[in-house]
Amino acid sequence: MSLSAQPTASLFIGGKPVEGQGADLPVRYALTGETIATLKEASTDQVAQACAAAKAAQPAWAAMAPVERGRILGRAAAIILERNDELARLETLDTGKPIQETLVADWPSGAAALEYFAGLAATLTGQMIPLGADWAYTRREALGVCAGIGAWNYPSQIACWKAAPALVMGNTMVFKPSEETPLGALKLAEIFIEAGMPPGVFNVVQGRGDVGAALVADPNVAKVSLTGSVPTGRRVYAAAAEGMRHVTMELGGKSPLIVFDDANLEDAVSAAILANFYSSGQICSNGTRVFLQEGIKEDFLARLAERVKAVRMGDPLDPDTNHGPIINAAQADKIRAAIRAGLDAGARLVCGGEGEGPFIPPTVFADATDDMTIATDEIFGPVLTALSFADEDEVVARANGTGFGLAAGVFTQDLSRAHRVVAALEAGTCWINTYNLTPVEMPFGGVKLSGLGRENSAAAIEHYSQLKSVYVGMGGVDAPY
């Protein structure tokens, strides 16, 4: 079976495929390293052309009745769901994630976002404010051109998550996927056109950091939405500030998953697996610091070690594979270095290890301390660090003892304690007795170094719009002279 995934062209500008004029951008299958497509980066001029195309298309798009914009997004969602098998295969080739994941978690999540915001379209209204004889009203208006910058772990989902609220509000978008996973966004651009979206409303440019920097700095860009690492977020935030651009940042994490003695053991172990090993651990919200109350610690670790024996590493296109390869060799090297650092620091290896080739098995460390690098640094791989605690006050303080604040989870059958603890945790997205569920109806995002703003839900509209206040005088005007 051919693994070729060569697109018609590398970019999508003004409603049509356009070949890039920059350096080669090879796309490699994570399992074998085989090149499955070769794209070209956008030149600086092409980034400017994409932003100009978005700027030119925005007034007419914003002037369209919101429900009409919503219908286009809804048609796009229907096309995605009809072609999910084909799109899931492309996502697996692009990312290396198992097909059993991409069939249910990637494009379907993107389609759900498009459906949700399509449904919100007709509700995007302002407010009437009575002021006695006079009155005022607000208009909720688009920002203009939005720049979206994606990550490589959920490339197509992220493209939809950013595009849906931006476009339904009347903005246009220039989207730059990660250079590691450039294929899905091009498909989304094609689907949007097929669904009836006017040319220029959604554009795609490809490239590495220089292309992203050119996009953020373009004078036509009014808003930047980034999913990425904290160092990248700092750079993009600083660049966006130069033009007073609006920003949404969804960055990294080192999130706590707290398991109290009274938790349902099997459910807590299942959550730890989802929170550390799904997508081979390459998820920003993962609960990689698992705090185990002393009474449950050893039973939890024993059951977790037993459960991970069911892992099946292999070709991600095999529907029986449930643990795929790491995205590339450089990332695998970073994860292996973190595992060695954990061993050198004296943490106990419960299961897993460095693995071989592109595969790193589910790896669990126990008897760790809060100052070990495996407990402080984001690894972005299938590495779980277990820490033990005695009581609630202690674990809350330790869970908050990090610069990150993306997510957190609590397992307990005492619901009063569950709500009390999540209220005290410094995290933007929390789960009680589950983990890593991110329905589009719920806001998603972080605090502290983990980001600004929220994606998904009606809250996302706030980050892709601005309010105009209008005072209406109904009588005469008094002046002192």
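For the residue pair Asn436 and Ser285, a side-chain donor N or O sits within less than 3.5 Å of a side-chain acceptor on the partner. No side-chain donor from either of Thr181 and Thr95 sits under 3.5 Å from a side-chain acceptor of the other. If you check the side chains of Gln206 and Ser10, you find no donor sitting under 3.5 Å from an acceptor.
Annotation: Asp333, atom CG; neighbour count of heavy atoms from other residues, nucleotides and ligands within 6.0 Å is above 12. Environment of CZ in Arg234: sparse, with no more than 12 heavy atoms of neighbouring residues, nucleotides or ligands closer than 6.0 Å. Within 6.0 Å of atom CD in Glu441, more than 12 heavy atoms from other residues, nucleotides or ligands are found, so the atom counts as buried in its surroundings.
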Mind listing the side-chain donor-acceptor pairs of residues 158-165 below 3.5 Å, one per line with the distance, residues two or more places apart or on another chain?
residue	atom	partner	partner atom	Å
Trp161	NE1	Ser109	OG	3.3
Lys162	NZ	Ser225	OG	2.9
Lys162	NZ	Thr227	OG1	2.9
Lys162	NZ	Glu455	OE2	3.1

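Remark: Tyr464 engages no residue in a ring-ring contact (aromatic ring centres under 6.0 Å, His included) (not counting sequence neighbours). By the ring-ring contact (aromatic ring centres under 6.0 Å, His included) test, Trp431 is found to be paired with Tyr435, residues two or more places apart in sequence or in another chain being considered.
When atom types are taken as modelled, the side chain of Thr172 and the backbone of Ala54 share a donor-acceptor pair closer than 3.5 angstrom. Put simply, the side chain of Ser450 gets close to the backbone of Leu406: a donor and an acceptor are under 3.5 Å apart. No donor-acceptor pair under 3.5 Å is formed between the side chain of Glu41 and the backbone N or O of Val211. In terms of modelled atom types and a separation under 3.5 Å, the side chain of Gln46 and the main chain of Glu19 share a donor-acceptor contact. Without hydrogens or angle criteria, Lys254 side chain to Thr376 main chain gives no donor-acceptor distance under 3.5 Å. Judged by distance alone, the side chain of Gln282 and the main-chain N or O of Ser279 form a donor-acceptor pair under 3.5 Å.
Residues Glu180 and Asn328 form a side-chain contact, since some pair of their non-hydrogen atoms from C-beta on lies under 4.5 Å apart. Residues Glu34 and Leu3 form a side-chain contact, since some pair of their non-hydrogen atoms from C-beta on lies under 4.5 Å apart.
Evaluated for a ring-ring contact (aromatic ring centres under 6.0 Å, His included) with Phe202, the options Phe192, Phe12, Trp61 yield exactly one hit, Phe192.
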